[in-house]
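One is the number of the first residue; the rest follow in order along the sequence. First listed ligand is number 1; within each ligand, the first listed atom is number 1.
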Amino acid sequence: MRPLTIIGNWKMNGSLANNQLMLETLLAEGHETFKSLYCDLPISLGMCVPYPYLSQAHGLLKNTKVALGAQDVSDHPNGAYTGDVSAAMLQEMGCTYVIVGHSERRQHHQESDDLVARKAKATLQAKMIPIICVGETEKEYENGSTLVVVRKQLQAVIDLLQGQIASCVIAYEPVWAIGTGKVPSPAQAQEVHHQLRLQLATFNAEAAEKVAILYGGSLKADNAKELLAMPDIDGGLVGGASLNTEEFLALCQACI
Ligand code: PEP
C-alpha cells in the first residue's frame, strides 16, 4: 500500500510577508487536519516554492513534517550556466523534492524529454526525490494521443534512470487541466495512471508497485476525494489550491 503524497507548487508566486503568513497559518491550522504538522502524518506533505524563498521556507518548515521542494533544477552539477541552480545547491538549502518537467517548463522553456530525464538524474544524484511531470496538451487529448504522449515522456526517464526510477515520484498532469478548472473524470485519470504503472512494470515490477503516481490539474478540496480514491492515484500535485492555506488543508482533509 503506497501512502498518499500531497505536494503544493506555488509556481512563481509569493512574497516574504505572504509566504510567512501562509506557512505559519499552515503549521498553526494543520492541527485541525492532522493534530499537528510536527509529528508523524498519515500522508506525505511537501511544498515547492520559488528558489529565492527556499531559505525562508526552510527556516519555517524545518523540524516539521512538511517537506521542502524546488520547482526546477539544472542538469549540470556546476559551472558556466548563468541563472541555473544545481541539485547540490537545492539539497544544501534543505530540499527533499524537486519538480522536473512541469508542463510550464516544457512549454515556455522548450524542455525536451531527454533534458527532463537528465534533471531527474541530477536530482537523484544529490539525494533528493524528483517529481517527474508528464501530461498531454488539450490538442493531444482531443486527438486521442494521451497515452502515446505520456508513455514517451516516461520512457525517456526510464531509459536514463533504469533501476533508479523506483526512487522517483511521477505526476500525471494533463496540460488542459492545469489552472483551468477542468478535470478528467476519476475513471479517465485512473486509466492513465494504470497505464503508466503498467509501463513501469514492464521495466521492473517492484518499481511499479513502489512508485507514487500523483495526479495534478485543478485539484481542489471538492474533487480530491474521488480522484485520490482511485487505486493508482497516490496523491496530488497541487498548484493554485496550495496558495490558499484553507483550501490546501481542506484538500488534505478530504483525502485522509
Ligand atoms: C501545477 O502547477 O502543477 C498544477 C497542477 O496547477 P493547478 O493545481 O493550479 O492546476
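- If you number the atoms of ligand 1 from 1 as listed, the ones under 4.0 Å from a heavy atom of Ile178 come out as 4 (C), 6 (O), 10 (O).
- Without hydrogens or angle criteria, Lys119 side chain to Val73 main chain gives a donor-acceptor distance under 3.5 Å.
- Between Arg106 and Glu111, none of the side-chain N atoms (NZ, or NE/NH1/NH2) sits under 4.0 Å from a carboxylate O, so this pair counts as no salt bridge.
- Side-chain atoms of Asn18 do not come within 3.5 Å of backbone N or O of Gly14 as any donor-acceptor pair.
- Ligand 1 is never approached by Lys220 to a heavy-atom distance shorter than 4.0 Å.
- Proximity of a side-chain donor or acceptor of Asp234 to a complementary backbone N or O of Ile213 within less than 3.5 Å is detected.
- At least one N/O-N/O distance between Gly179 and ligand 1 falls below 3.5 Å.
- Salt-bridge check for Lys11 with Glu104: passed, with a basic side-chain N closer than 4.0 Å to an acidic carboxylate O.
- Ligand 1 lies out of reach of Cys133, whose nearest heavy atom is not under 4.0 Å from it.
- Looking at atom 8 (O) of ligand 1, its nearest protein heavy atom turns out to be Gly239 N, 2.9 Å.
- Atom 1 (C) of ligand 1 has its closest protein heavy atom at His102 NE2, 3.2 Å.
- Near Gly217, with a cut-off below 4.0 Å to any heavy atom, the atoms of ligand 1 are 5 (C), 10 (O).
- Near Ala177, with a cut-off below 4.0 Å to any heavy atom, the atoms of ligand 1 are 10 (O).
- Listed for the Thr146 side chain is no donor-acceptor partner under 3.5 Å among the backbone atoms of Glu136.
- The main-chain N or O of Asp232 is found under 3.5 Å from a side-chain atom of Arg197 such that the two form a donor-acceptor pair.
- Note: Tyr172 and His193 have perpendicular aromatic rings, judged against thresholds of 30 and 60 degrees for the angle between ring planes.
- Counting only heavy atoms of the protein, atom 9 (O) of ligand 1 lies nearest to Gly240 N, 2.8 Å.
- What sits closest to atom 3 (O) of ligand 1 on the protein, heavy atoms only, is Glu173 OE2, 2.7 Å.
- Ligand-side atoms of ligand 1 in range of Asn9: 1 (C), 2 (O), 3 (O), range being under 4.0 angstrom from any heavy atom.
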